[in-house]
Amino acid sequence: MTQMLLSTAVACATVAAVAAAVMVWQKFHKHSHCDQALVLLYEFRHACATPLYVLRHISEHVALEMQAGLNQPGGSQLMMLPTFIEKLPNGCEKGLFYALDLSGTNFRVLRCLLGGPNARVIKQEYEVVAIPRALLLGTSEELFDFIAQRLISFIKLEGPEFQRGHNWNGHQIRELGLTISFPICQTSHNTGILIKWTEGFKIADGINDTVGTMAGGHYWNDDVMVGVILGTNTNACYVECNLPEDIQTKSGKMVIYMEWGRFWSSHLPRTYIDEQLDNESVNPGDRGFEKMTGAMYLGEIVRRVLARMAQEANLFGDSVPTKLKQPFILLTLEMSKMHADESPDLRIVDKVLKDVFDIKRTELSERRIVHSVCDTVTMRAARLAAAFIVGILKKIGRDGWDATGVSSRLMALPRDSEHRARLELKRTVVAMDGILYEHYHRFRIYMQAAVYELLSEAAARKLVIELSKDGSGTGASILAACHSEFAPSYS
Ligand code: BGC
């Protein structure tokens with residue numbers, strides 16, 4: 001009997017010891033999974049790092065490439081396309097103007113009634129039209145026929161309150177601005193050739209969406225010198241006052257747009273994930289900066305990092321969740337929700353992982369890693385965008401640093417001297433549009449902080465980054481107003 005009790009006790013003790021060992025092993029094993037994922041995270045973070053000296057090199061490189069592109073068409077990775085636009089809106093425009101804003105898979109038609117300096121934008125209406133998939137794959141003629149029909153239907157809905165346009169030979173005139181999210185080689189302010197998408201396709205009255213953004217900003221604020229789009233894709237334009245000899249204008253100025261998404265520099269912190277994404281893209285080797293900064297890619301970069309962690313460190317369990325293998329399944333919008341999660345248990349991260357990747361259960365430590373990956377990808381994008389903006393400011397002499405890197409010679413000059421007034425930096429406004437800047441809060445904060453880090457204190461005080469209230473579509477209608485052949489001039 002004693003023997004039996006003893007052996008039962010020994011058996012129980014053995015079971016308990018095995019159970020405890022299993023628990024310890026599981027705990028250790030789990031930790032080691034997360035530890036491996038953490039190693040990958042640190043590696044990735046290190047490869048994405050954007051310390052100040054790297055950003056400074058990038059700004060300098062951007063400014064140099066801008067000059068090279070101006071000196072010689074095709075002489076730089078930046079296209080530096082002249083727009084032949086030297087006159088920007090100033091708020092005095094009056095009348096009814098239409099615009100067409102074409103951006104890939106949909107377009108926007110809008111009408112805008114402008115009332116001059118006091119009334120400004122009296123009324124505005126728009127309609128967003130999705131382009132049927134068949135037309136996206138069809139010919140440009142079919143596509144533009146469709147757009148024209150929808151534009152006519154929209155014009156037919158014009159209410160009497162809008163009918164204050166200009167008349168010409170007894171006909172009511174409706175002028176139209178066209179803005180397009182593709183590179184255009186402009187041959188005058190209202191003619192151009194679409195460079196990409198459909199080769200050789202001719203369009204009239206076309207400007208790039210970035211120029212529309214800048215024009216829209218300038219309508220409200222004369223100090224706008226730069227227009228930037230940080231959205232699905234990215235681009236920038238600015239007012240150039242030192243034009244090369246072969247491009248001359250009456251005022252000596254012209255809006256140049258850059259196609260900065262194509263920029264590439266060995267200073268850009270590129271990782272194996274970026275290389276992988278680029279190699280598998282439809283345009284390998286092209287648009288290096290855009291693939292690190294556009295909202296189209298940020299979610300995808302995060303997905304790729306997580307998939308690698310799942311594969312190599314068993315993050316999310318023993319097998320890689322099927323949906324995590326699906327390219328472009330994680331939208332940047334969902335990524336930004338995870339990044340904004342401030343709850344102690346990261347429950348929004350948990351929800352997005354469930355909703356998007358079908359990952360049923362996650363540990364807090366895993367969610368923390370996911371959050372960190374979002375932060376790393378966004379911080380890099382935002383700081384690079386900042387370096388590019390400062391590159392433009394450097395090119396136009398508004399970054400506040402002189403050639404020797406000294407903040408400014410102003411300090412030594414008396415406050416009220418004439419010389420000082422001449423050297424004093426002017427106020428510079430950057431008109432900004434795009435979902436990343438507008439809706440991704442942390443992106444915006446990181447970007448602004450890096451811009452101010454890069455500028456001299458004096459220049460930082462003179463710089464304003466402003467969301468261009470009405471976007472590129474309204475800007476295009478206002479630009480049409482400012483170049484109207486029929487409207488009387490009120491300026
Ligand atoms: C296009 C640019 C456009 C930008 C922002 C880029 O992919 O090449 O022309 O301005 O997207 O929409």
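When a residue number appears, it is its place in the shown sequence, counting from 1. Hydrogens, waters and symmetry mates play no part in the numbers below; they use all other heavy atoms, side chains included. Start at 1 and go down the list; that is how both ligands and their atoms are numbered.
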Query raised in the report: For the residue pair His339 and Phe443, is the inter-centroid distance of their aromatic rings smaller than 6.0 Å?
Result: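 Centroid distance His339-Phe443: not below 6.0 Å, so no.
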Query raised in the report: Under 30°, 30 to 60°, or over 60°: which ring-plane class applies to Phe146 and Phe107, parallel, tilted or perpendicular?
Result: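 Taking Phe107 first and then Phe146, their aromatic rings stand perpendicular (interplane angle over 60°).
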**Report entry** Flag, side chain of Asp358 to backbone of Pro321, donor-acceptor distance under 3.5 Å
**Finding:**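 Pair absent, no side-chain N/O of Asp358 close to backbone of Pro321.
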Report task. Give the numbers and elements of all ligand 1 atoms closer than 4.0 Å to a heavy atom of Thr210. Result ->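 Contacts of ligand 1 toward Thr210, numbered from 1: 10 (O).
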Report task. Just jot down the ligand 1 atoms closer than 4.0 angstrom to any heavy atom of Phe182, in number order. Result ->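 So the answer, numbered in order with elements, is 9 (O).
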[atom]: the protein heavy-atom neighbour that sits closest, reported with distance to 0.1 Å:
atom                    : value
atom 10 (O) of ligand 1 : Asp209 OD1, 2.6 Å
atom 6 (C) of ligand 1  : Glu290 OE2, 3.4 Å
atom 1 (C) of ligand 1  : Ser181 O, 3.5 Å
atom 8 (O) of ligand 1  : Glu259 OE1, 2.8 Å

Requested in this report: Measure the shortest side-chain to side-chain distance between Leu110 and Ser477 over non-hydrogen atoms and say whether it is less than 4.5 angstrom.
Outcome: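 Touching, per the 4.5 Å side-chain cut-off.
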Query - Single hit among Leu55, Leu455, Leu463, Val62 for side chain to side chain contact (heavy atoms under 4.5 Å, CB included) with Val390 - result: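 When side chain to side chain contact (heavy atoms under 4.5 Å, CB included) is applied between Val390 and each of Leu55, Leu455, Leu463, Val62, only Leu455 qualifies.
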Query raised in the report: Quick one: does Pro183 get within less than 4.0 Å of ligand 1, heavy atoms only?
Result: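 Within the 4.0 Å threshold, so yes.
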Query - Within-shell test, Arg262 vs ligand 1, heavy atom, strictly < 4.0 Å - result: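 Arg262 does not count as a contact of ligand 1 under the 4.0 Å cut-off.
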Report task. Counting heavy atoms only, name the option from Asn235, Ile180, Asn233 that's nearest to atom 11 (O) of ligand 1. Result ->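 Residue with the shortest heavy-atom distance to the ligand atom: Asn233.
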Query - Location of contacts on Thr232 toward ligand 1, heavy atoms closer than 4.0 Å - result: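 Looking at Thr232 and ligand 1, no heavy atom falls under 4.0 Å.
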Report task. Using a 4.0 Å heavy-atom cut-off, say whether Tyr257 meets ligand 1 through its side chain, its backbone, both or neither. Result ->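 No part of Tyr257 comes within reach of ligand 1.
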Query raised in the report: Would you call Arg262 and Glu259 a salt bridge, using N to O less than 4.0 angstrom?
Result: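 Result for this pair is no, no salt bridge flagged.
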Query raised in the report: Looking at Asp375 and Arg45, does any basic side-chain N land under 4.0 Å from a carboxylate oxygen?
Result: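 Not counted as a salt bridge, because no side-chain N and carboxylate O are separated by less than 4.0 Å.
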Query raised in the report: What are the two closest heavy atoms between Ala459 and Asp399, and how far apart are they?
Result: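 Closest approach of Ala459 to Asp399: CB-O, 3.2 Å.
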